[in-house]
Amino acid sequence: MASDGTKTTEGAIGGRLGEALSERVRVAMLDAFAQGAAPEVEAAVHAANAGGQLIKPTSDARFGDYQVNAILPLAKLLKGNPRALAQRFVEVFDSRGMCLAPEIAGPGFVNLRLDPSWLAAELGRAATDARLGVAPVAQPQRVIVDFSSPNVAKRMHVGHLRSTVIGDALVRTLKFLGHAVVGDNHIGDWGTQFGILLWAWKRGHDEAALNADPIGELERLYKEGTAAMKADVEIANACRAELAKLQAGDAENKALWERFVAVSRAEAERVYARLEVTFDSWHGESFYNDRLPGLVEELRAKGVATESEGAICIFLDEPGLPTTPFIIRKSDGAFLYATTDLATVEYRRETLHAERLVYVVDVRQSDHFRQLFATCKKIGWDADFVHVGFGMMLGADGRPFKTRDGGVVRLDQLLDEAEERILPVVREKWPEATEAAQRLIASKVGAGAVKYADLAQNLATDYKFDWDKLLAADGNTGPYLQYALVRCLSIFREAENRLGLVFAPDGTALLLGTDEEKALALELARFGDTLDRMGAQLLPHILCEYLFALARLFSAFYAKCPILASNIDAATRHSRLTLTHLVWRTLETGLSCLNIPRVTRM
RNA sequence: GCGCCUGUAGCUCAGUCGGAUAGAGCAUCGGCCUUCUAAGCCGAUGGUCGGAGGUUCGAAUCCUCUCAGGCGCGCCA
């Protein structure tokens with residue numbers, strides 16, 4: 001990550017300013033209030049601490065940098081005057097080094113102000129650290145992130161974008177935090193669609209079309225097969241027969257299936273390459289086939305699953321869950337994706353020793369995952385299960401994002417369009433570059449804009465895809481962040497060109513003279529806490545918002561605080577270069593966690 | 001019919017398991033390039049937090065009801 005001889009040394013606070021402060025607050029609270037008090041007081045402090053509620057950044061700079069709100073609710077438990085309790089807290093609070101003397105305000109808030117000289121020294125040190133002072137988490141988890149998961153024989157389209165981009169960002173961020181992460185592409189490479197595909201293939205495929213556009217031909221066959229099957233019961237039976245042969249290991253069907261999977265994967269890989277997305281494994285549904293029969297029998301034997309109307313079902317009578325059963329074997333004996341998902345959990349727990357299982361899948365499948373997780377719990381498979389459900393991608397008109405004629409938007413064409421739309425701007429801003437260089441920048445800015453738009457919003461809701469908004473260089477967009485990073489690099493380039501100054505941070509404390517520098521420093525110090533929060537909540541927009549705020553503060557600093565001008569003294573210049581260096585590497589690290597491409601100029 | 005999710009400024013969205021005067025961006029209006037990329041910066045205007053009750057020192061946040069929109073509901077994934 002560091003290209004200039006920086007070394008890894010953990011900062012005094014492990015890069016978690018908020019966490020360090022919070023710990024001091026916790027100690028002071030127990031010290032001030034828990035002695036001889038009701039056990040609820042201690043429990044309340046622990047609860048607030050666990051929820052990260054002991055401190056929070058102030059809502060207003062006049063209140064300092066962090067505020068302690070937790071004394072007010074405690075006052076109720078202690079039946080005391082909040083301000084008097086705050087006074088007791090302030091007396092025992094250890095502000096040594098980190099903070100100035102705490103202040104009591106309002107009905108019983110305590111305002112904490114960071115000691116500027118401590119912050120300046122801390123950041124000076126962080127600038128020389130390869131991880132910006134952010135130590136890996138103390139307790140790494142084994143995490144599986146299940147994401148992207150396209151179906152074989154179908155082209156990658158915008159419906160796959162969100163899972164792919166969000167999952168990838170989660171994987172990279174959790175890895176940076178020090179967790180043992182496996183990003184798994186759980187491709188849809190098994191199931192009833194292959195019966196249809198095999199039948200349609202045998203009825204008549206076009207070898208020339210297959211060579212020219214493999215996925216196009218498979219999609220055509222699938223579409224025709226589905227239509228034929230719906231129109232004719234005999235054909236539906238024939239499709240089922242083909243599927244049965246495949247499942248029984250028929251050599252011809254198996255070979256065809258392998259061919260379908262191979263061409264589909266090749267197609268998907270081309271799109272992943274453009275998105276720069278990678279996986280640690282590609283364990284599709286077929287990977288778990290062998291486990292299915294035994295699993296169903298085991299669950300029947302355990303009494304977890306029972307037969308109903310010929311199907312093997314799991315009934316989960318719990319509030320919040322659908323009343324319909326979780327079906328793991330159809331009445332015709334075939335298995336379903338519920339079965340595969342259970343077998344997948346079993347494998348991930350037993351073989352991969354997963355502690356946390358993350359599924360990045362469309363929110364419309366939340367019922368399925370609620371049932372899946374409840375079933376696992378019922379079986380006794382203990383783990384931290386999370387469904388990261390995201391909303392649909394809508395057009396600017398608020399209706400599902402489609403092509404003009406109502407078709408699905410192909411992912412490769414979406415990326416083409418992003419590049420085409422941004423290319424004129426690149427040509428205008430950098431006319432002396434070669435066509436190839438301009439195209440490369442345009443592809444990175446275009447893909448980055450599309451990906452960032454997907455990550456920047458809370459994923460619970462549908463999001464509106466609007467070319468003008470996401471490609472804009474102002475506002476919370478990919479291009480804005482890439483531009484901020486480019487400006488950092490430009491400063492170092494010009495320092496070398498004009499002054500012959502090759503800058504490297506040396507660990508000396510910053511000089512935080514102006515409001516812009518102070519605000520920037522405080523934000524930089526919050527990077528580690530932000531990563532933790534994103535890792536805990538699995539919400540990429542938390543990191544996006546942070547990076548945007550940082551980039552904005554940097555832009556204000558850039559406008560107000562000259563660095564290379566001749567009237568700037570050496571010490572100030574060095575400090576501002578260090579700040580710029582920190583911003584550069586924070587943006588670099590943050591964008592790389594989100595996997596938004598970085599460029600050196602634009 | 002049952003269940004889940006969403007409703008915050010003209011538009012797009014934040015709001016960290018209740019906390020101080022609800023925040024950004026876009027758009028609009030007004031400023032800023034003889035120093036590092038103006039794809040930028042600064043300022044101003046703009047909100048009954050869908051509505052009504054309730055809980056309490058204190059509610060966008062918790063509870064109840066209600067309106068509006070989206071999604072899902074036995075052998076597809």
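These values consider heavy atoms only, across backbone and side chains, with no hydrogens, waters or symmetry-generated copies. Every chain is numbered from 1, with letters handed out A, B, ... down the list of sequences.
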* Tell me which nucleotide among B:rA24, B:rG74, B:rU16 gets nearest to the side chain of A:R533. => B:rU16

* Asked: What is the distance, rounded to the nearest whole Å, between atom CG of A:N69 and atom C1' of B:rA59?
  -> 14 Å

* Structure fact -> Residue set satisfying salt bridge (charged side-chain N to carboxylate O under 4.0 Å, His left out) with A:K560, at least two apart, ordered chain then number -> A:E516

* Structure fact -> Ranking B:rA77, B:rG19, B:rA14 by distance to the side chain of A:N151, first place goes to B:rA77

* **From A:L455 atom CG to A:L170 atom CG, the distance as rounded to the nearest 0.5 Å** => 8.5 Å

* Between A:H368 and A:F326, does the ring centre distance come in under 6.0 Å? -> yes

* To do: Looking only at side-chain atoms of A:I327, point me to the closest of B:rG74, B:rU16, B:rC71.
  => B:rG74

* **Pairing residues for A:R552 by the side chain to side chain donor-acceptor pair (under 3.5 Å) criterion, not counting sequence neighbours** => none

* When the ring centroid of A:F548 is compared with that of A:Y480, is the distance short of 6.0 Å? -> yes

* Tell me: CD of A:Q371 to C1' of B:rG72, nearest whole Å? -> 11 Å

What are the atom names and distances for every N/O pair under 3.5 Å that joins the protein to nucleotides 1-10 of chain B?
residue: B:rC4; atom: O2'; partner: A:R370; partner atom: NH2; Å: 3.1

* With C1' as the reference atom in both, quote the distance from B:rA14 to B:rA22 in angstrom, rounded to an integer. => 11 Å

* Nearest-Å distance for atom pair NE2/C1', residues A:H541 and B:rA14 -> 6 Å

* Structure fact -> ring pair (Phe, Tyr, Trp, His ring centres under 6.0 Å) filter on A:F492, not counting sequence neighbours, yields A:F503, A:H581

* N/O donor-acceptor pair, side chain A:N111 with base B:rA20, under 3.5 angstrom -> yes

* Asked: Can you find a donor-acceptor pair, distance only, under 3.5 Å between A:E285 side chain and B:rA77 base?
  -> no

* To do: Looking only at side-chain atoms of A:D462, point me to the closest of B:rA77, B:rG40, B:rG70.
  => B:rG70

* For the side chain of A:C313, starting at C-beta, report the closest nucleotide among B:rA20, B:rC76, B:rG74. => B:rG74

* To do: Give a yes or no on whether the ring-centroid distance for A:Y222 and A:F260 is below 6.0 angstrom.
  => no

* Structure fact -> Ranking B:rU16, B:rA20, B:rG25 by distance to the side chain of A:K56, first place goes to B:rU16

* Which residues pass the ring pair (Phe, Tyr, Trp, His ring centres under 6.0 Å) test with A:F465, sequence neighbours left out? -> A:F401, A:W467

* To do: Return yes if the base of B:rU21 and the side-chain atoms of A:R62 contain a donor-acceptor N/O pair under 3.5 Å, otherwise no.
  => yes

* To do: For A:P73, check side-chain contact (heavy atoms from CB on, under 4.5 Å) against everything at least two apart and list the hits.
  => none

* Salt bridge flag under 4.0 Å for residues A:D367 and A:R370 -> yes

* All side-chain contact (heavy atoms from CB on, under 4.5 Å) counterparts of A:P562, not counting sequence neighbours -> A:A565, A:I568, A:R576

* **Short side-chain N/O contact to B:rC76 OP1/OP2 from A:K330, under 4.0 Å** => yes

* How would you label the contact of A:R601 with the nucleic acid (heavy atoms, under 4.0 Å): base, sugar-phosphate, or nothing? -> base

* Sequence neighbours excluded, which residues qualify as side-chain contact (heavy atoms from CB on, under 4.5 Å) partners of A:T461? -> A:Q457

* Asked: Is there a stack between A:Y483 and B:rG40, judged by ring centres under 5.5 Å and planes under 30°?
  -> no

* Asked: The side chain of A:K464 lies closest to which of these nucleotides: B:rA77, B:rC41, B:rU12?
  -> B:rU12

* Excluding sequence neighbours, so at least two apart, what forms side-chain contact (heavy atoms from CB on, under 4.5 Å) with A:A334? -> A:K330, A:D332

* Base B:rG74 to side chain A:S308, donor-acceptor N/O within 3.5 Å cut-off -> yes

Scan nucleotides 26-35 of chain B against the protein and return all N/O pairs shorter than 3.5 Å with their distances rounded to 0.1 Å.
residue: B:rU35; atom: O2'; partner: A:R498; partner atom: NH1; Å: 3.3

* Asked: Which is true for A:P325 with a 4.0 Å heavy-atom rule: it touches a base, it touches only sugar-phosphate, or it touches nothing?
  -> base

* Structure fact -> To the nearest angstrom, the CZ-P distance between A:R240 and B:rC75 comes to 13 Å

* Report the glycosidic orientation of B:rG74: syn if within 90° of 0, anti in every other case. => syn

* Choose from B:rA14, B:rU16, B:rC71 the nucleotide whose nearest atom is closest to any side-chain atom of A:M392. => B:rC71

* Asked: For residues 336-344 of chain A, which residues have at least one heavy atom under 4.0 Å from RNA chain B?
  -> A:L336, A:Y337

* How does RNA chain B look in dot-bracket form if you count Watson-Crick and G-U pairs under 3.5 Å, write [ ] for pairs that cross, and put | where a base pairs with another strand? -> (((((((..((((.....[...)))).(((((.......))))).....(((((..]....))))))))))))....

* Within less than 4.0 Å of OP1 or OP2 of B:rC75, is there a side-chain N or O belonging to A:R329? -> no

* Using a cut-off of 4.0 Å on non-hydrogen atoms, how would the nucleic acid contact of A:P82 be classed: base, sugar-phosphate, or nothing? -> nothing

* Could you state the interatomic distance from CG (A:L522) to OG1 (A:T58), rounded to the nearest 0.5 Å? -> 8.0 Å

* Asked: If you measure from the ring centre of A:Y558 to the centre of the six-membered ring in the base of B:rG40, is it under 5.5 Å, with the planes under 30° apart?
  -> no

* Would you call A:D454-A:R162 a salt bridge at under 4.0 Å N-O? -> yes

* Can you check whether A:H368 has a side-chain N or O nearer than 4.0 Å to OP1 or OP2 of B:rC73? -> no

* Polar side-chain atom of A:N111 near backbone of A:G64 as donor-acceptor pair, under 3.5 Å -> no

